Amino acid sequence: VQLQASGGGLVQAGGSLRLSCAASGRSFSSYAMGWFRQAPGKEREFVASIRWSDDSSWYGDSAKGRFTISRDNAKNTVYLQMNNLKHEDTGVYSCAAGPVQYLERATEYDFWGQGTLVTVSS
């Protein structure tokens, strides 16, 4: 299984970025795909997750109202649209996949991609 995250970069506060996570190597129909982030000196934080089976999604408190997670079945890719970015959104964003019951728990995800760095200048 491979998860390839991309789309990070430098953006000014108030700007937008779209992250992508391309998945390959198995069927993900029974899986959830999630985004987590980690800022320097801080613990990893749940951002958002989506289930392949029914397209249901969940968001961490910091993402609600600003971020949108979506998926493209044909491309086996999950997206994280991030709007109205704030300096505190800076961090390494990683995508993960797994047969997850508790979507906010990083330990429930079996597969992880490399991170992509998001830097929001204030």
Side-chain angles (χ1 to χ4, degrees):
V1 173
Q2 286 192 334
L3 303 175
Q4 183 72 39
S6 61
L10 175 64
V11 64
Q12 289 186 336
S16 298
L17 280 175
R18 189 178 78 157
L19 305 183
S20 300
C21 179
S24 62
R26 64 159 293 144
S27 170
F28 293 90
S29 59
S30 63
Y31 275 27
M33 302 285 290
W35 286 98
F36 292 78
R37 70 185 184 190
Q38 188 163 21
K42 295 187 177 181
E43 294 186 353
R44 184 165 50 192
E45 176 188 11
F46 171 74
V47 177
S49 186
I50 189 168
R51 294 193 187 277
W52 282 103
S53 60
D54 61 6
D55 212 26
S56 55
S57 57
W58 281 260
Y59 296 90
D61 289 340
S62 62
K64 291 177 182 176
R66 298 187 299 127
F67 295 0
T68 302
I69 190 169
S70 62
R71 61 180 172 87
D72 184 327
N73 285 346
K75 296 181 178 180
N76 244 19
T77 298
V78 172
Y79 302 99
L80 184 68
Q81 177 67 43
M82 305 186 295
N83 298 328
N84 190 23
L85 284 162
K86 305 176 182 180
H87 178 66
E88 50 266 40
D89 294 318
T90 295
V92 176
Y93 285 68
S94 300
C95 59
V100 179
Q101 181 178 5
Y102 299 103
L103 295 171
E104 297 187 4
R105 296 181 182 178
T107 53
E108 296 219 354
Y109 291 80
D110 293 337
F111 305 103
W112 290 81
Q114 91 295 351
T116 184
L117 178 62
V118 172
T119 303
V120 184
S121 61
S122 55

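Everything numeric in this text was worked out from a predicted model, so none of it was measured.
Listed by chain and residue number, Ala39 satisfy the side-chain contact (heavy atoms from CB on, under 4.5 Å) test with Lys42 (two or more places apart in sequence, or in another chain). Partners of Ser16 by side-chain contact (heavy atoms from CB on, under 4.5 Å), not counting sequence neighbours, listed by chain and number: Gln81, Asn83.
Asp110 places no side-chain N or O within 3.5 Å of a backbone atom of Gly98 that could act as its donor or acceptor partner. Under a 3.5 Å cut-off, the side chain of Ser57 and the backbone N or O of Ile50 do not form any donor-acceptor pair. Arg105 places no side-chain N or O within 3.5 Å of a backbone atom of Val100 that could act as its donor or acceptor partner. Side-chain N or O atoms of Glu108 include none that pairs as donor or acceptor with a backbone N or O of Leu103 at under 3.5 Å. Listed for the Tyr59 side chain is no donor-acceptor partner under 3.5 Å among the backbone atoms of Gly65. When atom types are taken as modelled, the side chain of Arg26 and the backbone of Val1 share no donor-acceptor pair closer than 3.5 angstrom.
In this structure, OG1 in Thr68 is found 11.5 Å from CZ in Arg18, a value given to the nearest 0.5 Å. The distance from the CG atom of Leu85 to the OG atom of Ser122 is 12.5 Å, given to the nearest 0.5 Å. Taken to the nearest 0.5 Å, the OG atom of Ser27 stands 8.0 Å off from the CG atom of Asn76.
Using bins of under 30°, 30° to 60° and over 60° for the plane-to-plane angle, the ring pair Phe36/Tyr109 lands in the perpendicular bin.
Contact annotation: the side chain of Met33 approaches that of Leu3 to within less than 4.5 Å [non-hydrogen atoms, C-beta and beyond]. Counting heavy atoms from C-beta on, the side chains of Leu19 and Val118 come closer than 4.5 Å. Side-chain atoms of Tyr102 and Thr107, non-hydrogen and from C-beta on, never get closer than 4.5 Å to each other. The shortest side-chain heavy-atom distance between Phe67 and Trp35 does not fall under the 4.5 Å cut-off. Looking only at side-chain heavy atoms (C-beta outward), Met82 and Val47 stay at 4.5 Å or farther from each other. Two residues are said to be in side-chain contact when any heavy atoms from C-beta on lie closer than 4.5 Å; Asp55 and Arg71 meet this criterion. Side-chain contact between Ser62 and Arg37 is present, with at least one heavy-atom pair separated by less than 4.5 Å.
Following chains of ILVMFWY side-chain contacts shorter than 4.5 Å, one can reach Leu17 starting from Tyr93, so the two form part of one hydrophobic cluster. Residues Phe111 and Val78 share a single hydrophobic cluster, defined by chaining ILVMFWY side chains whose heavy atoms lie under 4.5 Å apart.
Atom CD of Gln2 is surrounded by 12 or fewer heavy atoms from other residues, nucleotides or ligands within 6.0 Å.
The pair Asp89-Lys86 does not meet the salt-bridge criterion, since no charged nitrogen lies less than 4.0 angstrom from a carboxylate oxygen.
Closest approach of Ser20 and Thr77 over heavy atoms only: CB-CG2, 4.2 Å.
Among Ser70, Cys21, Cys95, the one residue that satisfies the side-chain contact (heavy atoms from CB on, under 4.5 Å) test with Tyr79 is Ser70.
Judged by distance alone, the side chains of Arg44 and Ser94 never bring a donor and an acceptor atom under 3.5 Å apart.
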#### Entry: Worked check of ring-ring contact (aromatic ring centres under 6.0 Å, His included) between Phe46 and Trp58
CA-CA 10 Å; Phe46 171 74; Trp58 281 260; 9.0 Å; no
